Amino acid sequence: MKWETVIGLEVHTQLLTASKIFSGASTMYGSEPNTQACAVDIGLPGVLPVMNVEAARMAIKFGLAIGAEINRHSVFARKNYFYPDLPKGYQISQYELPIVYNGKVEIDVDGLTKIISITRAHLEEDAGKSLHEDFHGLSGIDFNRAGTPLLEIVSEPDMRSAAEAVVYLKKLHELVRYLEICDGNMQEGSFRCDANVSVRPEGQETFGTRTELKNINSFKFVEKAIEFEIERQIDVLESGGAVVLETRLYDPDKNETRPMRSKEEAHDYRYFPDPDLPPLELDEAFIEAVRQTLPELPDAKRARFKRDYKLSDYDAGVLTATAAMADYYEDAVRKSKSDPKLVANWTIGDLSAYLNKENLSIEDSAVSSTMFSGLMKKINDGTLSVKTGKQVLEMLWKGQGADATDESTAAESVIIKFDLAQISDRTKIEQVIDKVLAASEAQVQQYRNGQEKVFGYFVGQVMKATGGKANPKQVNEILKKKLND
Amino acid sequence: MLTQSDVERIAHLARLHIDERESKVFSDSLSQILALIEEMNAVDTSNIEPMAHPQDVGLRLRKDAVTETDRRTEFQEIAPATENGLYVVPKVVE
């Protein structure tokens, strides 16, 4: 039988506020355990939650970016369950009336555009963290994370393969970073994903029984976990069994999913409106003010890069992967007044290679966009060849040129200091060529007898004699002329 | 109507220990409350907008600023068990 996969994702994004959603404790990651867990966060008696305005703004920003409806009236509810990392015995979340609903995200799969509907995005508080190691049969709890604002983004079951799910997840990841509402750090858990997976016979209208996969916190694991789970469900069904509605944990070491015992009975959350928090009422002015802060979104930026800079899909995609990368590129094009395609090639190629080698993001590049623009200018006007361009980039990367009066002339000062400027002086090049030809009589004879591939040999000799600095275009032209005379 | 086993299930979800006598008492009294709610359901509320909160007020929002300081030592004095700054609890099974 042919099976169809159905996937919906629930993505938890930690919002980049300075303080927690309902308390004034810091949200900074990596501090000493429980030093950022205040009386509200650990649920001491008598405390009251007070909502952080920035969390609301960020949720609205996301909603506007995905063309969603913003609820003018949304309600916080208590989601009741018992777990040691949840000190109050309930999580403050939103249930019937979430702040954002009915949005959509466009994804590209194999050249086709597909729309993934976003059912809702609601605000809630994060829980603490349980540590199971080294506690001789006990668990240690760190509540620093408790109360960190989360925006939970729930999609419709619109995806039909693990690959589609990954594309969608990457799209969301890119979007929240563009919006500067989440740092997207999956390792630190600020961008987390649960997947609802089911299979059904192809052509069947109703959904099969789903399982919920947890602990899939990298793009690679999302794909692997879903693929494993699809296979498992098909195996169960084909051997006459039934899929059980349950939460399963992905184990990346074994590449398998297994039932989570602790969540077996947790599905009865007994939601009710939180009496501590009146409804969140938003007026038009507030929403409009947030709309004014929306940056150019990734899809729009990509389209503009393709149109204005005449870049390919691939180039535009790489250069707009993050807003910082796009800004760097545009700054370099603008300041260097060079061919945008040339700047794109160097940004995607050599510069990215240095960044990748040292595992740096573009914000931390040793070569600033201004320094880079100086280099591009010199390649664009023919002062540098590809080869000497690479040399200059390496020197700039290693800190040469730091003595220049300003960053825009750093490349130029390196070129002068190391005498790397391309030789475009016709007389000079002719002199070198004459010398090379005089010393290579045999090869000249071969060439004139029709062995045209010897041409490369002459070019090589001229380059060797000039330390690779001769203008290759001129070398080719003059060589041809002299050899054919 | 809430049966005794309903009450036992709810008690378990909330990790409340109740014995058989108590589950009987609670199922009776909680059922009476539900019966009262049933009675209220008879009132025609079709023209009334539902409220999420008994007071007709909107949520007050605060500025995003860190105002809390570290009070871990104080808080952990009243905790049953702590170690290396962590609150220690019976093992959670994943």
Side-chain angles (χ1 to χ4, degrees), chain A residues 17-20 23-28 32-42 44 50-56 73 75-77 80-85 87 89 96-97 128 130-132 135 137-143 249 260-262 265-266 268 270 273 275 277-281, chain B residues 2-3 5-18 26 30 33-34 37 40 45 48-94:
Chain A
T17 55
S19 65
K20 294 190 175 167
S23 83
S26 167
T27 56
M28 198 195 292
E32 279 294 300
N34 292 306
T35 53
Q36 289 171 185
C38 72
V40 174
D41 305 328
I42 62 173
L44 290 187
V50 189
M51 166 95 183
N52 183 337
V53 67
E54 214 43 49
H73 171 97
V75 172
F76 286 97
N80 298 281
Y81 65 93
F82 190 89
Y83 207 70
D85 62 16
E96 281 177 338
L97 294 167
S130 317
L131 303 154
H132 306 299
F135 280 97
L138 299 168
S139 287
I141 316 279
D142 176 7
F143 289 114
L249 192 72
M260 258 174 105
R261 273 175 293 169
S262 57
E265 51 192 20
D268 187 353
R270 294 150 291 141
L277 293 159
L280 173 59
E281 312 280 359
Chain B
L2 274 181
T3 65
S5 73
D6 289 334
V7 170
E8 278 157 19
R9 201 177 95 79
I10 296 165
H12 175 68
L13 286 172
R15 299 300 189 274
L16 294 172
H17 288 284
I18 54 170
F26 287 136
L30 287 170
I33 294 171
L34 289 179
I37 292 169
M40 291 196 283
T45 56
I48 297 170
E49 210 174 308
M51 295 171 79
H53 199 267
Q55 276 171 296
D56 191 13
V57 290
L59 190 57
R60 293 266 302 266
L61 300 171
R62 50 166 251 275
K63 241 175 71 184
D64 179 28
V66 176
T67 52
E68 293 286 344
T69 50
D70 172 21
R71 293 170 69 193
R72 182 176 82 178
T73 315
E74 260 172 284
F75 293 154
Q76 295 204 332
E77 261 167 32
I78 52 170
T82 60
E83 201 175 312
N84 301 332
L86 297 163
Y87 293 88
V88 174
V89 300
K91 186 159 178 85
V92 190
V93 184
E94 278 287 296

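Hydrogens, waters and symmetry mates are skipped; everything else that's a heavy atom, side chains included, is used. In the text below, chain A, chain B and the rest are named by the order of the sequence lines, each starting its count at 1. Keep in mind that what you see is a predicted model, and the values were worked out from it rather than measured.
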Against chain A, label Gln55(B) side chain, backbone, both or neither, depending on which of its atoms sit under 4.5 Å from a heavy atom there.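 Neither; nothing under 4.5 Å.
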Checking heavy atoms, do the side chain of Arg62(B), its backbone, both or neither come under 4.5 Å from chain A?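 Looking at Arg62(B), backbone and side chain both touch chain A.
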So for [X], is it side chain, backbone, both, or neither that comes closer than 4.5 Å to the heavy atoms of chain B?
X         : result
Ala55(A)  : neither
Leu97(A)  : neither
Pro275(A) : backbone
Val75(A)  : side chain

Will you find, in the side chains of Thr3(B) and Ser5(B), an N or O donor that is under 3.5 Å from an N or O acceptor?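 There is such a pair (donor and acceptor under 3.5 Å, judged by atom type) between the side chains of Thr3(B) and Ser5(B).
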Salt bridge (charged side-chain N to carboxylate O under 4.0 Å, His left out) contacts in which one or both residues fall within residues 73-82 of chain B, not counting sequence neighbours: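 Matches after skipping sequence neighbours: Arg71(B)-Glu74(B).
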Among the options Val57(B), Ile10(B), Val66(B), Asp64(B), pick out the one with the most heavy-atom pairs lying under 4.5 Å from chain A.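 Most heavy-atom pairs under 4.5 Å with chain A: Asp64(B).
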Is it true that atom CD of Glu281(A) has more than 12 heavy atoms of other residues, nucleotides or ligands lying nearer than 6.0 Å?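 Enclosed.
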Take a 6.0 Å sphere around CE of Met28(A) and say whether it holds more than 12 heavy atoms from other residues, nucleotides or ligands.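 Open: at most 12 neighbouring heavy atoms sit under 6.0 Å from CE of Met28(A).
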Excluding sequence neighbours, so at least two apart, what forms side chain to side chain contact (heavy atoms under 4.5 Å, CB included) with Glu68(B)?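 Result, side chain to side chain contact (heavy atoms under 4.5 Å, CB included) vs Glu68(B): Ala25(A), Cys38(A).
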When heavy-atom pairs shorter than 4.5 Å are enumerated against chain B, which of Pro273(A), Pro33(A), Ala37(A) gives the highest number?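 Between Pro273(A), Pro33(A), Ala37(A), the count favours Pro33(A).
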Would you confirm whether Ser23(A), through its side chain, and Val40(A), through its main-chain N or O, come within 3.5 Å as a donor-acceptor pair?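 No: the side chain of Ser23(A) does not pair with the backbone of Val40(A).
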